[in-house]
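What follows is a set of notes on a single structure, which appears directly below.
Predicted model only: the values in this text are computed from it and were never measured.
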Amino acid sequence: MYSLFGILLSVVAIARAQEEDERPRDIARSFNQRLQDFAAEDFVFDFRSIPVESMGIGGLLQPVDLANFPVVAMGNSAQSRFTLDPCGINLPHVHPRATEFAFVFKGSSLRIAFVHENGGGIFVNDITNDTSTIFPEGLIHYQQNTGCDTIQFMSTLNNADPGVVTITTNFFKLPVEGLAGSMDITPELATEIRDGLPLNIVRANEAQGQCQRTCGI
């Protein structure tokens, strides 16, 4: 007669075998084998063919990633095209799995910044057409059009699944007590701030600086 312990071991072994059968086999395929999954036209992406993802009033965001361009997995990279209207701000955010390389191909004044780890500082630069910058993986950064013309830049990331965490949006998902304690305010005020957060991409308002007044917006 089989012991209960022996029966349990057999059940575990069967379960593990089934798990192994269900695992993706891509890791055992060569680059050339995986390449055969695509046709030549799969390697061409038309930005005019995809919808805009941003929901704010300050500009447009068009991401290219695994969801709409699966071939990026072959190069383990992703890309996004940004259009920032005058005074437009791409809210502070983090890419947890990628470094970002941004190239400005239209416009005169893009302010970019990123903060270091705890105990570090901040780097701020103003760049223009035909210049580029880099945002190291995992650091909070943002972009702002400080001019009165439209800015366009291309963002390339070194991961097909770079991820994005918009700081304000996700910070304010935490329990209200944690928010209030972090900012030394009442839970009621923390709730009020959370309920009034803008949607990305935003436009700087008059209280935030001279941009709107200068541009007559």
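- Evaluation of the side chain to side chain contact (heavy atoms under 4.5 Å, CB included) rule for F123 yields F114, H116 as partners, not counting sequence neighbours.
- Listed by chain and residue number, S109 satisfy the side chain to side chain donor-acceptor pair (under 3.5 Å) test with T146 (two or more places apart in sequence, or in another chain).
- Under the rule for a ring pair (Phe, Tyr, Trp, His ring centres under 6.0 Å), the partners of F45 that lie at least two apart in sequence or sit in another chain are F47, F69.
- With side-chain heavy atoms closer than 4.5 Å counting as contact, directly or through intermediates, the hydrophobic cluster containing V52 also holds L60.
- Every residue two or more places apart in sequence or in another chain that forms a side chain to side chain donor-acceptor pair (under 3.5 Å) with D149 is listed here: S108.
- Applying the ring pair (Phe, Tyr, Trp, His ring centres under 6.0 Å) test to Y142 and every residue at least two apart in sequence or in another chain returns nothing.
- Every pair tested for disulfide bond (SG atoms under 2.5 Å apart) that includes a residue from residues 101-142 fails, sequence neighbours excluded, so the list is empty.
- Remark: S80 engages no residue in a side chain to side chain donor-acceptor pair (under 3.5 Å) (not counting sequence neighbours).
- Every side chain to side chain contact (heavy atoms under 4.5 Å, CB included) that F172 has, sequence neighbours left out, goes to L179, M183, I193, R194, L197.
- The disulfide bond (SG atoms under 2.5 Å apart) pairs that include a residue from residues 93-190 are C148-C215, where partners are two or more places apart or lie in different chains.
- For V124, the side chain to side chain contact (heavy atoms under 4.5 Å, CB included) partners two or more places apart in sequence, or in a different chain, are R111, A113, I122.
- Legend: disulfide bond (SG atoms under 2.5 Å apart) pairs involving residues 73-119, not counting sequence neighbours, sorted by first then second residue: C87-C211.
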